[in-house]
Chemist: 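Let me give you the structure first, and then I'll get to my questions.
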Amino acid sequence: MLRTVIAGLVARPLQLLLSAVAIAVGVAFVAGPLVLSDAVGVGLRQAIAFETRGVDASIDGTRGAELDDEVLSKARQVPGVAAAEGRTTVSAPLLDAAGRPKDAAATGLTADEQLRPFDLADGRFPSSANEIAMEQDTAADYALGRPVTVLDQDGNQHTFTLVGTFTRPSDAGTGAGDLVLLPEALGKLSQETAFGEIVVRAAPGIGQQQLVADLARAVGGRGISVVTGQEAAAQLLRETPSDSAGLTKFFTAFAVLAMIVAAMVIANSFTILVAQRTRELALLRCIGAGRPQVFSGLLAEAVAVGAVASAVGLLGGLGVAAALQAIAIGEVHVPLTARTVVASLAIGVLVTMLAAAIPAWSATRAAPVEALRTPVEGKSARAGRPRAAVTIALLATGFGTAALALGSEVETGVVLSIVAMTALLGAALAAGPLVVGPVARVAGAFCAPILGQPARLAALNADRNPKRTAASAAALTIGLAVVSLVTTVTAGVEAGRDRGIDQQLGADFTVTSVVATKPLPAALADTLAAVPGVADAALRQSFSGDLGTFGGYGMTAVRGDAVGSLLRPVVLSGRLDRLRPGELAVSKQLAEETGLAVGDTVQAGPRNRPVPLRVVAVYDGVRAAGADTGLAMVDLGQQSAIAMGEGGYDDSVLVKLAADADHDQVRRGLENALSDAPLAQLRSIDELKDELSAPLRSTLDLLWALTALAVLIAFAGIANTLSLSVLERTRESALLRALGLTRGGLSAALAAESVFVALLGAACGLFVGIGSAWLIAQVASTDAEPVLFALPWGRLGVLLGATVLAAPLAAVIPARRAARGSVTAGIAQP
């Protein structure tokens with residue numbers, strides 16, 4: 001039997017190659033997301049390795065201890081120290097071509113080249129106090145030799161000459177600077193005299209542990225800690241925020257999707273392949289092979305094909321991950337971990353075995369003599385009553401769960417919505433064989449006036465084996481259901497966020513400081529209110545407020561009469577037309593955490609001078625830069641009495657225009673008024689909306705790229721099914737050619753068949769995806785954060801158009817093979 005298996009593998013290279021392609025494609029799109037997930041962590045580790053390269057010891061100040069020139073001098077005098085440098089990174093906003101400030105950070109150039117966490121890309125590093133170097137991407141809008149204007153933390157302008165650019169890995173949240181200046185030039189931008197860190201390089205022959213011990217004796221104590229370079233890197237890795245956990249879940253979810261789609265493609269391929277070998281397997285049974293031998297022989301073939309194809313797919317997954325990173329990020333990391341290798345190979349082999357097990361088991365059930373007869377597709381290929389019953393049950397479950405979701409709370413409703421979507425997707429897949437016939441006949445009748453007889457042949461071929469046709473479309477159904485769901489929900493979230501901002505924010509502009517630690521001028525609100533066309537301008541400030549026994553919370557102070565006009569958070573209970581001294585409005589989150597309700601009184605502020613504040617409203621408010629309502633709101637005059645510490649942070653001015661004001665003209669007036677406040681950054685509400693939507697669009701673009709790969713798997717399955725069916729219908733195709741059907745007509749019939757399959761999958765996928773998006777929009781929407789049902793016609797149109805156009809491409813190779821076959825040789829085949 002082993003020799004028979006090997007002989008079978010050698011005798012059917014083309015059929016096995018087609019199945020192997022399906023497996024390799026599926027494994028590639030399972031391995032790709034796993035590699036991407038690992039690449040996120042690699043990027044962070046590389047950034048930290050760059051930040052700590054050459055560092056044998058790191059000196060850090062804790063508990064208020066400062067690292068000044070005296071500490072640096074002592075460190076340099078320690079035996080075994082080859083070099084010691086102080087590192088400082090300060091906020092240094094750049095002026096763009098329009099003269100508007102944009103965020104940037106500057107760091108000092110260390111004298112020791114081995115302790116520089118960046119590499120020169122072009123030009124040179126600064127050699128005088130009036131020169132500057134910029135990170136390569138930041139310098140894209142600037143030219144070497146040209147002046148660059150940088151603001152210090154008081155808003156004063158400093159002009160430097162750009163002399164070079166440098167490269168480093170993406171900072172990945174490490175806070176690396178975009179600009180490099182000499183230390184004396186850096187001192188002009190910030191009044192900070194202390195270093196953030198002192199890094200030390202050891203002399204040859206001195207170990208890190210010995211160096212740390214010597215430095216600790218010289219400068220340690222009084223809140224100054226000394227650790228090795230390796231320990232500093234490990235600590236930075238722990239402290240640096242990373243999205244790797246969330247991205248890992250995201251990529252893992254996509255890997256599961258790709259695996260399901262690939263499994264369906266592989267199962268369909270093996271079903272066709274085993275069906276084509278029915279006579280051969282029956283002959284083996286007739287000459288003495290037992291059922292277990294036939295079954296194990298087919299599984300052995302599946303394991304062999306799956307192992308080889310999975311190895312190829314693993315390599316393809318590395319390419320997929322590299323391509324996605326090159327397109328979306330720019331930096332490419334392709335780490336190959338044991339987890340990725342084991343998971344990819346195991347999934348490929350196991351899925352192939354499971355895919356082959358069902359058709360192999362079916363092949364052993366038929367009697368040898370019956371199987372030797374010429375197979376005719378009939379009742380076994382058609383869907384029966386059990387499938388109809390399952391479809392009805394799944395539809396009832398889906399619609400029933402959706403009805404429950406509409407009447408539930410948001411959290412429960414979202415979970416029920418996912419259950420409903422899963423049930424509806426299952427119903428669409430189960431109903432596939434039931435609707436193939438009607439859909440194919442309608443499509444054939446519609447296309448017949450254009451394509452003629454090939455359209456009718458395509459409809460007959462699609463309806464001949466509805467289970468196979470539905471299985472080919474099922475993978476496409478899953479892919480399009482996911483991408484249409486996420487696309488529609490994202491569009492709804494974006495539209496809802498825009499509406500929420502319009503409803504809750506009465507201002508037309510916000511003014512914020514580009515340096516978070518530097519507040520805006522106290523009189524700025526009055527200055528802006530005097531600009532012609534401005535109806536009102538009010539200061540809004542975030543601060544840490546003391547709510548007595550409830551603790552400290554991030555709060556917002558705003559002029560009392562601006563609440564209800566400039567800031568209009570959604571009121572859940574109470575009233576919030578304005579805030580008066582002695583009144584407090586609390587957010588929904590704070591109310592849930594503390595149990596505060598309308599009418600309660602809070603003794604806020606220090607214990608020796610408590611300030612009674614009466615809760616007048618519970619709200620669900622704005623989450624936007626310059627307009628954040630915080631966890632609670634009070635009148636601006638109340639802030640000093642309950643603030644923890646001096647002053648606030650993240651202050652802004654909300655500006656409302658008169659009804660008849662010219663928007664562009666008033667903007668120019670506001671920009672002129674801000675000329676005396678160089679750190680002030682003016683944003684319109686439309687710009688604020690665009691800023692909030694940018695992460696959504698980036699996430700959607702990434703998901704589109706990933707899900708497009710799942711759709712490609714589905715089209716690979718359509719191509720594979722057509723290729724195998726061409727081999728299966730060789731004699732039939734030859735007879736059609738002998739009866740007068742041209743090569744072009746035969747190719748057109750296969751192309752039309754692929755379009756019918758694609759339309760079936762697209763229709764089912766869009767129905768499930770868009771229907772589920774509507775349900776989620778109804779369930780997840782709140783007054784404060786509405787989620788609208790907004791169909792993104794452009795993206796959905798591109799999706800449907802690409803599906804229809806890609807379907808004939810999937811049929812190109814099978815059609816060419818069918819058309820090129822010899823008529824006489826084809827008729828002679830059994």
Side-chain angles (χ1 to χ4, degrees), residues 47-92 105-119 125-126 129 133 153 166 168-169 171-240 517:
I48 291 175
F50 224 75
E51 191 73 13
T52 57
R53 68 175 183 178
V55 177
D56 294 304
S58 172
I59 304 174
D60 191 16
T62 59
R63 299 193 299 275
E66 289 191 354
L67 303 178
D68 52 18
D69 289 328
E70 181 181 355
V71 177
L72 178 60
S73 178
K74 289 181 179 180
R76 286 173 172 168
Q77 295 173 11
V78 172
V81 172
E85 301 283 354
R87 285 184 178 175
T88 304
T89 300
V90 301
S91 178
T107 188
L109 180 68
T110 56
D112 187 79
E113 295 184 1
Q114 297 183 47
L115 290 175
R116 294 174 182 173
F118 37 73
D119 291 327
F125 285 116
Q153 296 193 6
F166 62 87
R168 54 170 168 75
D171 71 359
T174 60
D178 310 292
L179 315 175
V180 168
L181 299 162
L182 290 183
E184 53 267 32
L186 192 68
K188 298 178 182 179
L189 302 180
S190 173
Q191 299 177 354
E192 182 65 44
T193 58
F195 301 116
E197 178 189 19
I198 294 177
V199 292
V200 181
R201 180 169 60 85
I206 304 298
Q208 289 191 3
Q209 296 295 341
Q210 178 184 346
L211 180 65
V212 167
D214 294 340
L215 286 169
R217 283 192 294 268
V219 302
R222 306 191 314 277
I224 296 177
S225 66
V226 185
V227 297
T228 65
Q230 293 179 348
E231 292 170 341
Q235 182 176 353
L236 187 58
L237 182 62
R238 290 192 300 270
E239 295 176 352
T240 301
T517 58

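The figures that follow rest on heavy atoms only: side chains count, while hydrogens, waters and symmetry mates do not.
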Chemist: Do V71 and I198 come close enough that some side-chain heavy atom pair is under 4.5 Å?
Modeler: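 Heavy-atom side-chain distance check passes, below 4.5 Å.
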Chemist: Is any side-chain heavy atom of D69 closer than 4.5 Å to one of K74?
Modeler: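 No, their side chains stay 4.5 Å or more apart.
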Chemist: Within a strict 4.5 Å, meaning less than it, do heavy atoms of the V90 and T88 side chains meet?
Modeler: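 Result yes, sub-4.5 Å side-chain heavy-atom pair found.
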Chemist: Is a side-chain N or O of D56 found less than 3.5 angstrom from the main chain of Q208, in a donor-acceptor match?
Modeler: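 Not a single qualifying donor-acceptor pair exists.
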Chemist: Would you say the side chain of V219 lies within less than 4.5 Å of the side chain of L67, judging by non-hydrogen atoms?
Modeler: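 No, side chains not in contact.
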Chemist: Under the rule for ring-ring contact (aromatic ring centres under 6.0 Å, His included), what residues qualify as partners of F125, not counting sequence neighbours?
Modeler: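 Applying ring-ring contact (aromatic ring centres under 6.0 Å, His included) to F125 gives F118.
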Chemist: Are the side chains of D60 and I224 in contact, using a 4.5 Å heavy-atom criterion?
Modeler: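 Heavy-atom side-chain distance check fails, nothing below 4.5 Å.
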Chemist: Could you go step by step and tell me if E197 and S58 meet the side-chain hydrogen bond (donor to acceptor under 3.5 Å, both in side chains) rule?
Modeler: CA-CA 7 Å; E197 178 189 19; S58 172; 2.6 Å; yes
Chemist: Would you say that L109 contacts R116 through its side chain, given a criterion of any heavy-atom pair below 4.5 Å between the two side chains?
Modeler: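 They are in side-chain contact.
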Chemist: Mark yes or no for whether D68, through its side chain, and A194, through its backbone, hold a donor-acceptor pair below 3.5 Å.
Modeler: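 Side chain of D68 to backbone of A194: no pair is present.
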Chemist: If we ignore hydrogens and angles and just use 3.5 Å, is the side chain of T52 paired with the main-chain N or O of I48 as donor and acceptor?
Modeler: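 Judged by distance alone, yes, a pair lies under 3.5 Å.
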Chemist: Are any side-chain N or O atoms of E85 and backbone N or O atoms of D112, one a donor and one an acceptor, separated by less than 3.5 Å?
Modeler: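 Yes, because the side chain of E85 sits within donor-acceptor range (under 3.5 Å) of the backbone of D112.
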Chemist: What I'd like to find out is whether the side chain of V81 reaches to under 4.5 Å of the side chain of L211, using heavy atoms alone.
Modeler: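 The answer is yes; the side chains approach within 4.5 Å.
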Chemist: State whether the side chain of T228 and the backbone N or O of E231 hold a donor-acceptor pair below 3.5 Å, judged by distance alone.
Modeler: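 Such a contact is found between T228 side chain and E231 backbone.
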Chemist: Salt bridge between R168 and D119, side-chain N to carboxylate O under 4.0 Å?
Modeler: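 Result for this pair is no, no salt bridge flagged.
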Chemist: Tell me if a side-chain donor or acceptor on R76 pairs with a main-chain N or O of A82 at a distance below 3.5 Å.
Modeler: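 Checking the backbone N and O of A82 against the side chain of R76, no donor-acceptor pair under 3.5 Å is found.
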